[in-house]
Colleague: 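Submitted below is the structure of interest, expressed as structure tokens.
Each ligand, and each atom within it, is numbered from 1 in the order the structure gives. If you're wondering where the values come from, they're calculated on a predicted model, not measured in any experiment.
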Amino acid sequence: MSRTEASTPADKPWLNATLPLEERIELLLGAMSLEDKVGQLIQYPFKAPAKAEPADLNAIRGGRIGSLILAGSAWAGHGQSNPLDPEALNAVQRMAVEESPLGIPLIYGRDVIHGHATVLPIPLAQAASFDTALIEEASSCVAREARAQGVHWAFAPMVDLCRDPRWGRIIEGYGEDPLLGSECGSAVVRGYQGDSPAAGDRMIACAKHFCGYGGAEGGRDYDTTEWTDDSLRNYVLPAFAATVKAGVGSLMSGFNAIGGTPVSSSKTWLREWLKEQQGFDGCVVSDWGAVGDLIYHGVAADGAEAAALGLEAGVDMEMIREHFEDELPGLLESGRIQSSQVDDAVRRVLRMKFRAGIFEKPYVEAGLYASVRRREDHINTARKVTSKSIVLLSNKDKLLPLAPKQKLKVAVLGPYASAQGQHLGAWCLDGNPADVTSILDGLKAAAPDWEILTSDPAFTDEMLFNASLADIVIACVGESPCRTGEVHSIAELTLPPGQEELIESLGRLGKPLVVVQCSGRPLPSPAADHYASAWLLAWHGGTEAGTAIADIITGQTAPSGRMPMSMPRTTGQIPCYYNRRRPGKIRQMPNYRYHQDVQDTPLFPFGYGLGYTEFTYSDTTVKILADAASGAPSVELSATITNTGPSAGETVAQCYVRDEHAQVARPERELKGFKRVSLAPGEKQTVSFALGRDALGYFGQDGTYRVDPGAFAAAIGADSAVPLVGFNL
Ligand code: GLC
């Protein structure tokens, strides 16, 4: 209920919703004791009243806990999280709102990473859609379901740039490119928060993990990262800056250290870069235990030092209750920290709570969730983003699409043929495996005229026998979520044991073979590359996986997904990313190769993907519009795209630029724009990208952004391998 002055209790003036936000914050801050203030900086795992420790419930009644995380453990993605119980959430909230001295509501946070009851593809797959409008729409469906069940604050989007597919958390981000990560992360922020996170179908978003976590050495989760300042500013931080610009209500500081300084104790990046330079006014919550981890990084002697380092650096709220509660009062007393630092943190937490609308509506509305859970429009939107995320890697002899009405005998085999829960991926707390359409069921529904053979998921001679009876074989392979997600990295970039042999055995039957790869990361498969007539990368596609895969196989939807990161040929090529800096020496070595035993190129480059028709790019032009250093668009790149194939389709026009001469070695090329273009057979369209200062510059040696006039090269094409043409600015 929004209170006006007349209906606002005299002793709680901050409840007057007609007052400006900052005035409400100051009114409340002025009424808070030190204990009240420290309480707002504590997040604790939620337990229903019947299971909670009485001391914890008393802490809530005393206003000494500001937030509860709705997670069963520190590894919510793999742990068993209890389903949300709005009644229990309301019961605990009433203790805060109706019993604590100031009635400050608890803010409930949860890892709503890529779905709720309606589960979208993993974020890396969403990035493959290169469709940020659709990602935003799909995220708004997720927010509607999660908020209706009591979630005020979602710990997403994860925008950690990552080049190492061995890392389990590769699933959670948007790949190797700063622009793609920026655009997708901002789309999720807009989808989750809308115009106001206080709306009944929106939530506060949380960009994470600030910063550089995706650089974990060797793909080993939590391991150290060695980003340089230049790499942080030009590769890693742009996506965080973009989410701040999109109005993200919170960020989460990570576990990792950068060059020996843990990010959760880094004044340089948290307080100076994020809060002062980017003007971020929201709340920074530490990742689970990241403040206490400072002791184990070896930079804090004890909990007191860890709490001081964290707060000073700019951590506002400690996930979870470890050291802030016990140590901050003493640190204030001793003068090790300042009351202004505590007040700044409290303001940010209160600002987030006011923005979340929980002072007006602290309780979950009965029956609301049932009315929005897996609403038809949610399912349809999820189906769209899932099919757009699927990447057609190969389609020899144009085997696909298969005619759904043709009398075909199709064998649908392999470990993923009937799988359901695996499609939900490793970060899905509220999806129900029973809601997932399997590939088998998706194909049965899409092609009722086919005679579909299948067999036990185990690789047996019966599977081969069934395949031998079929006209066409569809092998559904992939990896389980147990190899992806937090603390679930792999050392060898290959399909799980036995699947290469499975694909080869099916391939040697000589039947047309379609390989559907359901993996959380780009996994090269020599067998699929050799034996498959058609090879689809379908990721972990969420609840609508089987339906979307069937849409693509039967041609209901033409494939249009593009690789959000390079697919290496082999583990030894890692790191293998398109926007590498150019080495100097090789100018004198025409026969230079990165490795003597494998081609230099990735198996599939960033931006790559096939469709069911062909597109040509021609007539690339460069028009200089203004001086490079001006704010106006300096150069306009255009190209003509023609659908030269037999059917309608969508392509993703990608604009790449190289800065030929700068203060620092710049990448071989960088994505500076992308657009989905739909064309009928024979149709042409000219696409243009107007690039200005923010697209042509970089952060130089002194850390400031600059644009250097001079030689550039650019191109518009279908993927990152397109040749560049030079121009001068
Ligand atoms: C985990 C993850 C983080 C998540 C948090 C709460 O350890 O690193 O992404 O939001 O803890 O579950």
Colleague: Of the backbone atoms (N, CA, C, O) and the side-chain heavy atoms from C-beta on, which set of Arg169 has a member under 4.0 Å from an atom of ligand 1: side chain, backbone, both, or neither?
Modeller: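 Under 4.0 Å from ligand 1, Arg169 contributes side-chain atoms alone.
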Colleague: Taking the six-membered ring where the residue is Trp, are the ring centres of Phe606 and Tyr577 under 6.0 Å apart?
Modeller: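 No, too far apart.
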Colleague: Return the option from Val487, Asp111, Val112 holding the heavy atom at the smallest distance from atom 10 (O) of ligand 1.
Modeller: Asp111
Colleague: Under a 4.0 angstrom heavy-atom cut-off, which atoms of ligand 1 come close to Ile69?
Modeller: 6 (C), 12 (O)
Colleague: Hey, is ligand 1 close enough to Glu172 that some N/O pair sits below 3.5 Å?
Modeller: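 So ligand 1 has no N or O lying under 3.5 Å from an N or O of Glu172.
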Colleague: Check whether the side chains of Glu217 and Thr225 place a donor and an acceptor atom closer than 3.5 Å, and report yes or no.
Modeller: no
Colleague: Taking the six-membered ring for Trp, are His116 and Tyr369 ring centroids under 6.0 Å apart?
Modeller: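 So the answer is yes for these two rings.
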Colleague: Could you tell me whether the side chain of Gln420 and the main chain of Val436 form a donor-acceptor pair under 3.5 Å?
Modeller: yes
Colleague: Does Met158 reach ligand 1, in the sense of a heavy atom lying below 4.0 Å from it?
Modeller: no
Colleague: Regarding Arg202 and the six-membered ring of Tyr192, is the cationic atom NZ or CZ under 6.0 Å from the ring centre and inside 45° of its axis?
Modeller: no
Colleague: Just by distance, with hydrogens left out, do Tyr213 and Arg169 show a side-chain donor and acceptor under 3.5 Å apart?
Modeller: yes
Colleague: Glu318 and Leu41: side-chain contact (heavy atoms from CB on, under 4.5 Å), yes or no, with the steps?
Modeller: CA-CA 6 Å; Glu318 184 186 22; Leu41 310 186; over 6 Å; no
Colleague: Does Trp427 reach ligand 1 with a nitrogen or oxygen that is under 3.5 Å from one of the ligand's nitrogen or oxygen atoms?
Modeller: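 Min N/O separation from ligand 1 is not below 3.5 Å for Trp427.
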Colleague: Suppose we measure from atom 9 (O) of ligand 1 to each protein heavy atom; which comes out shortest, and what is that distance?
Modeller: His209 NE2, 2.6 Å
Colleague: Of all the atoms in ligand 1, which lie at a distance below 4.0 Å from a heavy atom belonging to Phe255?
Modeller: 7 (O), 8 (O)
Colleague: Passes salt bridge (charged side-chain N to carboxylate O under 4.0 Å, His left out), Arg190 versus Glu136? Steps please.
Modeller: CA-CA 6 Å; Arg190 292 191 301 270; Glu136 178 178 342; 2.8 Å; yes
Colleague: Verify whether one side chain among Trp167 and Asp221 offers a donor that lies under 3.5 Å from an acceptor in the other.
Modeller: yes
Colleague: Heavy-atom contacts with Trp288 under 4.0 Å: which atoms of ligand 1 show up? List them by number with element.
Modeller: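 Contacts of ligand 1 toward Trp288, numbered from 1: 11 (O).
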Colleague: Where is the nearest protein heavy atom to atom 2 (C) of ligand 1: which residue, which atom, and how far?
Modeller: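 For atom 2 (C) of ligand 1, the nearest protein heavy atom comes out as Glu486 OE1, 3.2 Å.
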Colleague: When you compare ligand 1 with Tyr213, is there at least one nitrogen or oxygen pair between them that comes in under 3.5 angstrom?
Modeller: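 Min N/O separation from ligand 1 is not below 3.5 Å for Tyr213.
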Colleague: Mark up the atoms of ligand 1 that fall under 4.0 Å of a heavy atom belonging to Lys208, in ascending order.
Modeller: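 Those qualifying, in numeric order: 3 (C), 4 (C), 9 (O), 10 (O).
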Colleague: Which ligand 1 atoms, with their elements, are less than 4.0 angstrom from a heavy-atom of Met252?
Modeller: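 Those atoms are 3 (C), 10 (O).
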Colleague: With atom 5 (C) of ligand 1 as the reference point, say which of Asp287, Leu429, Ile320, Asp221 has the nearest heavy atom.
Modeller: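 Heavy atom nearest to atom 5 (C) of ligand 1 belongs to Asp287.
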